[in-house]
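Quick notes on the structure that follows.
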Amino acid sequence: MGEFEVHRVRFFGLVPAGVRCLACQPRGGRLALARTDGAVEVYNFAANYFQEKVIPGHETRSVEALCWAAGDRLFGAGLSGDITEYDLALLCAARSVDGCGGPIWSMAANSSGTLLAIGCEDGSVKLFQVVPGGIQFERNLDRRKGRILCLSWHPSDTHIAAGSIDFLRVFDVCSGQTVQRIMVNYHVLKVRRECIVWSIAFLSNGTIVTSDSFGRVQFWDWQRGTLMESHTVSTSAVLSLAVSEEEDSIVVGTSTGATYQFQLLPVKMGSLEKRWVRTKPFQHHTHDVRAVAHSSTALISGGLDAQLVIRPLMEKVQKKGYDAALRKFTFPHRRLVSCARKARLLLFQFSQHLELWRLGSTDETGKDGEVLPLCRMPEHLVQLKSKGPEHIYCSCVSPCGSWIAYSTASRFHLYRVQYEGDGVSIKKVPKVPKLLLPAYQLQFSSDSGSLFVASARGSVHVLQLLEPGGCKHLHTFRPPSGSSEAVYLLASSADGHWLAAVGGDWAIHIYDMKCFKVGAGAGGMTPTSLPPWGAGCQWVQRIGPLPVSHCCIPRAGLGMGLWEEMGGGHRWPRLLPSACCPPALQHHSTVPMYNCAVTALAIHPITNNLVIAYSDQQLFEFSIPEKQYTAWSRMVQNCGLHRVWLERDSPITHITFNPKNPSHILLHDTYMFCVLDKSLPLPDNSALLMNQSTLKQLPETARQRQLHAFKICKKFQPLLYADLLDENCLVMVERPIMDIKTQLPLPIQQKKFGT
Amino acid sequence: TFFCFHSDIYFFNICLEDCLSSLWKHILHVSDAVDASSEQIFLWSDTFQLVSVKLTKAAGQDLEAKELSVVLDGVDASPKCIAFGREGEYVASVKEVNLQVFFFKRKQLNRFSVSTVKTKSGNNQFACIACHPTEDCIATGHADGKIRLWRNFYHKKDYTFSTLHWHHDTVMDLAFSMEGTSLLSGGVESVLVLWHNESNCQKDFLPRLGSAIEYISMSSDGTLCCTLHTDNRITIINSNLRFSKSIQGLIKSRDVKTGLVVDPRTKALVLNGEPGHLQFYCLQSDQQLFSLDIVQRQYIHQAGLNQADLVKVAFSAQGKWLATVEEREEVTDPELQLKLWLYDEETQSFKLNTRINMPHEDHITDMCFREMDELEDDSLILVTAGRDCVFKVWVMVEDTDPEGSVSWSCDFVGSYHNYQATNCCFSEDGSLLAVSFEETVTVWDSITWDLKCTFCHPPGKIRNICFGRLTCSKYLIGATDYGFLCCWNLLSCALEWSAHLNVLVLQPDPLSEHIAAVSWLSKESSLFVFKPNEPRPIYIQRNLCKEKIQLAAFVPRDEPETIVSEKYHWLRRSQLFFLTDTQVRNSEVGLTTLLHTPAHVLPSASFLCPIFINSLLISKENKSAEEVADEVEMESEKTEDDSDEERGVTEMEQEDTSAMELLGEMTRKLSKSQEKELRKIRKMDYSWISAF
């Protein structure tokens with residue numbers, strides 16, 4: 001694996017916000033999640049539960065309920081009383097409508113996704129119609145006293161069940177009247193205590209399922225108003241409940257952190273009589289499970305301990321693979337840390353502030369596994385507080401450490417940092433260019449001379465940084481075919497020649513920056529001397545050594561068809577790739593589409609190969625100069641990666657390289673750090689993937705035989721960021737779960753046997 | 001309609017084995033059978049197969065086995081590990097981490113397994129199984145204390161289970177209520193748990209049941225349930241989880257360390273009872289007279305704990321004094337306590353007189369009192385032999401306080417070449433003390449504490465020693481590890497005779513010259529009764545039983561019997577009882593009492609009849625089904641065989657079967673103790689049945 005001096009950083013005090021609500025897209029492969037800080041995230045089931053989109057939170061926008069309506073439109077409602085629609089392409093709150101009923105506790109969409117019902121603090125249930133471009137108030141249902149904490153539509157859309165304190169109500173949607181009112185009491189020693197119906201579900205056979213603050217899951221016949229079954233699952237409240245689409249399984253979450261599954265099972269073999277039976281208990285959380293969701297193959301729960309747990313239902317999973325893995329996500333699937341390698345600085349991104357730290361240093365050396373004493377302690381240099389209620393989208397520090405940039409939903413900030421001895425002065429760069437905001441990703445070039453800003457509609461802005469503290473907008477790259485999705489990942493080459501950008505459509509575009517700078521294209525054409533161009537227009541020009549007679553552009557951006565004069569009156573048709581086309585000179589190439597989300601990418605500093613990690617754990621290497629996958633990448637695809645590697649449940653979030661060892665690729669996810677040595681053979685499925693500890697015990701000759709390409713280290717967990725500072729020095733940013741737990745309120749006291 | 005009665009099964013098996021022997025060679029020993037429907041019976045064999053046999057009723061009482069088919073392979077030997085589902089639709093069996101369910105109609109076998117990974121809460125191997133009476137639900141108990149309720153198990157993939165967890169150790173048995181609404185479970189915690197509606201949160205407890213629950217059974221009408229405990233006790237419990245009645249005979253202790261001792265006062269057999277207690281068990285009435293708490297510490301019902309237990313007991317000749325030794329097994333240093341108890345006439349009980357901490361540095365191996373009638377209390381001394389290579393002599397000293405009470409203190413410490421002291425005993429007149437030190441027997445004068453002489457019969461360490469009595473009081477008998485029985489003459493200090501016999505137990509009759517020796521050779525125990533003055537035994541019984549006999553005791557009769565047969569003359573004044581260790585499934589040492597007594601020396605039929613009649617009456621009152629066969633019962637057949645062999649009377653066999661038919665018809669369900677009583681009766685004498 002090689003020896004590294006490792007800076008084990010544990011001073012990133014990130015406390016992820018708790019999960020407040022979850023919503024599965026009906027008949028869709030996405031899960032929307034809202035956190036207690038108002039952030040909304042979208043996970044894609046097909047892309048291995050990758051966190052596809054993140055809409056950062058907002059101080060005043062709490063989200064109490066989320067729901068999908070009209071296909072893929074996402075709505076949220078919260079205690080501010082507004083219903084907000086989210087724009088999933090631009091990753092921001094699109095528009096808000098006041099519900100006019102005080103704080104909104106619950107929201108539900110009907111099965112066709114045309115109506116939204118909200119439950120308000122004042123006891124009213126209001127219906128909103130989903131129309132193109134927004135929502136419209138339709139009417140109020142029968143209003144009674146008592147806040148409506150939960151809502152559920154009957155699948156036929158004729159009735160709504162609403163849970164409140166001590167009772168639940170059923171509304172007729174047509175008439176708007178309350179047609180049933182059921183008391184959900186709890187009596188203990190003749191004293192009535194307040195019973196909160198935390199969650200409710202209306203099944204198609206007329207059964208209403210409620211979960212309440214006394215740990216009960218109850219099944220009611222709504223027409224008779226009678227209790228059919230009652231299951232006490234916990235001594236504390238059952239906070240959340242979700243039903244599968246087939247209505248044969250229910251998942252509930254309790255305030256002790258346990259989740260339980262209920263299944264509708266036949267009482268006897270072959271008989272039609274079925275009963276709800278509590279089956280599997282799971283204890284993955286330590287705090288309140290405020291939200292649960294039931295996808296077709298998994299039970300999903302989110303808790304105030306900020307964990308999203310995806311527990312696959314083994315019987316629904318076809319083959320053992322990464323679908324069958326239990327996933328626990330605590331940290332975002334993108335980087336919150338950036339590193340100034342030369343200056344040895346780390347920039348940490350919190351929801352509303354940034355922290356700049358200088359790494360400690362040591363002048364001692366030691367053996368493997370030894371902890372070296374620090375001669376200089378890590379130093380907290382700067383804390384940058386973002387003004388306003390908006391949370392930070394992204395941030396970056398330049399490799400030299402003298403520039404810091406971050407963006408919120410409506411503002412972009414660039415700072416110049418100056419180091420005078422031990423002191424640090426920070427100066428805001430005035431008059432930053434007005435860009436299309438927000439920025440989704442920021443990246444400085446390796447010479448710290450320019451800043452790339454990932455923006456909406458697939459565009460990437462290039463800002464030139466000027467001394468002593470200024471910047472100017474140089475250019476904007478756009479994908480030739482256009483895109484509606486925002487760019488979420490950037491990678492620039494060390495020589496400043498190439499820039500790769502990935503948008504929400506998962507297409508990877510590579511832009512040539514030299515070409516754009518010099519303006520010299522192939523065949524002596526310059527962008528300035530271009531004739532007017534467009535679809536269908538023709539012009540004749542000499543390209544390269546061959547005389548060209550005709551040239552036509554079938555469709556803007558795709559490429560160029562032309563006739564080569566072969567002599568003797570013969571002409572030969574030829575299609576030039578788009579990079580050669582005069583109108584899109586900056587766009588170099590597009591990596592062939594792969595049907596999965598890109599989780600990390602990086603350009604090799606020497607070979608200019610683009611290394612791409614996908615959410616299904618596949619790795620590709622694409623040669624930018626040759627515009628094709630490299631031989632090694634093809635070999636990997638032919639042989640296939642190790643089974644254990646493919647079953648890993650957490651996405652690779654960062655890739656970097658070792659300039660001294662060009663065959664090494666350094667990559668990490670939350671639970672491991674891996675040095676991928678391309679010069680070694682790939683492991684086959686019979687070999688042990690994580691073999692570092694066994695290798696250590698082997699004699700040298702045997703070790704040589706057992707070596708394979710994946711050198712995995714699991715010592716640092718959970719790993720938020722890893723980077724190479726210089727050839728033998730690594731920085732690892734860890735955030736121990738225990739440190740987060742100490743920041744959380746105490747969990748509910750439970751008697752544990754033997755303690 | 002089936003045989004919950006082990007003896008019936010046994011009887012049945014005889015018939016079956018006859019007809020099966022040609023058909024199915026593998027069924028060598030059919031250990032148990034369970035009913036599913038009236039025409040089919042299921043047997044499981046030593047080869048771990050569950051076999052179904054189709055029966056047709058032929059003329060008369062005979063049954064014919066027609067078809068044989070193997071239903072399940074790899075079945076655990078314990079009947080707790082197999083259960084029949086609702087209406088006999090399926091049969092389920094558990095072994096280790098696997099659950100198999102066989103559906104009879106569909107002829108489908110489904111296998112499920114739990115993960116073999118040992119978690120920190122222990123292993124999750126299956127321990128027992130029960131099936132819901134009306135629904136397709138299987139409850140399984142696990143070694144880590146969890147109960148799993150399986151449903152949907154006719155789908156290989158869509159099966160599901162829920163977990164109930166209260167027990168901290170193995171769930172020993174499970175039983176569903178008759179309607180299936182509640183589930184009973186029990187284990188080493190000695191708490192019966194009633195689970196309502198399969199909910200983890202709704203449960204009731206019946207605690208303090210005395211000892212670990214081994215079996216749970218529900219009556220067919222659902223009004224009663226009964227639990228069988230590891231100490232051989234049955235508790236009958238009302239449906240509302242109220243204790244109703246306890247049926248208790250001899251308490252089965254985990255390990256009978258005290259040996260079999262006879263209380264001179266009550267003639268009761270005294271041995272380990274409940275943990276830390278001494279039980280006084282009356283053989284005649286099969287009742288516990290009383291239980292004396294010796295350790296006087298709370299017993300924690302948890303496996304794997306080292307708790308203080310009673311290891312040695314000795315009575316003075318008149319039963320006035322009782323000495324007990326308790327120890328707590330610690331690897332580094334054992335915790336020992338010697339207690340002396342004085343019988344209090346007022347309370348009719350023993351009262352603690354002296355407590356001596358660490359009387360020896362190491363385990364106490366033997367202990368005996370000397371009491372000479374003529375000298376009364378003054379002559380009373382106690383000798384303890386220890387592994388710390390010394391024997392100690394304890395005497396009573398009068399306290400200085402005005403009440404004149406007495407206490408015990410050490411008077412003399414003797415040792416011999418730094419060998420471990422293993423046995424000690426006094427001669428009948430109390431003048432000599434014999435102490436064995438590994439290979440050597442030393443004889444000491446009990447007044448001056450001089451070493452008189454030594455005997456040795458190499459090779460082999462001395463296992464047992466005893467003095468001859470009455471006319472044979474000049475002899476000292478010793479048994480060695482290498483299979484020699486030696487008789488030394490104390491007057492000539494020479495070996496009188498010796499015999500090559502691997503003696504496990506050497507027991508002198510206190511009322512006669514007879515000494516019983518039980519040997520163990522080629523996997524059978526044999527009994528030899530001899531007088532020390534002649535080397536030829538007066539009575540030999542080979543193949544007494546197939547188990548090792550651990551302990552034996554002569555219990556004096558109230559009145560000497562008149563015995564006609566010369567052969568059994570030695571049983572005139574006392575009866576011999578002995579205890580075997582049984583190879584139980586889970587390799588614990590089981591306790592078995594065998595009443596090995598020829599039929600003609602038993603109490604009269606008039607004494608036994610009421611017991612039998614009572615047992616019939618009780619069985620109608622509480623129909624507590626007891627469908628488990630205990631190891632104890634398995635023993636009974638062997639004794640039966642023995643007695644047949646002994647007498648060689650074929651008529652008795654016939655009487656035997658007729659008696660059993662009678663029982664089989666009249667009492668389908670009998671509780672354990674009733675069964676036991678019946679068993680005893682059956683073993684003893686059947687001639688009285690004709691009178692009945």
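By convention in this document, chain letters (A, B, ...) are assigned in the order of the sequence lines, proteins followed by strands, and residues within each chain are numbered from 1. Only a predicted model underlies this, so the values are computations on that prediction, with no experimental measurement involved.
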Inter-residue atom distance A:L689.CG - A:R648.CZ, 0.5 Å rounding: 8.0 Å
Flag for B:N110-B:Q108: side-chain donor and acceptor within less than 3.5 Å: yes
Selection residues 224-249 of chain A - residue pairs positive for salt bridge (charged side-chain N to carboxylate O under 4.0 Å, His left out), sequence neighbours left out: A:D221-A:R224
Contact check, side chains of A:L299 and A:K280, non-hydrogen atoms, under 4.5 Å: no
Whether A:F282 and A:H284 hold their rings parallel, tilted or perpendicular, with breakpoints at 30° and 60°: parallel
Heavy-atom contact with chain B under 4.5 Å, split by part of A:S234: backbone
Side chain / backbone / both / neither for B:R86 at chain A, heavy atoms under 4.5 Å: side chain
Residues B:R151, B:E135: salt bridge by 4.0 Å N-O rule: yes
Heavy-atom pair count under 4.5 Å with chain B, highest-scoring of A:E273, A:H231, A:R275, A:Q261: A:R275
Residues of residues 174-199 of chain B contacting chain A, heavy-atom criterion under 4.5 Å, by residue number: B:E198, B:S199
Steps toward ring-ring contact (aromatic ring centres under 6.0 Å, His included) verdict (B:Y90, B:F153): CA-CA 11 Å; B:Y90 55 90; B:F153 41 80; 5.2 Å; yes
A:V277 versus chain B, the contacting section by heavy-atom distance below 4.5 Å: side chain
Side chain / backbone / both / neither for B:F161 at chain A, heavy atoms under 4.5 Å: backbone
is_close_aromatic(A:Y260, A:F262), centroid dist under 6.0 Å: no
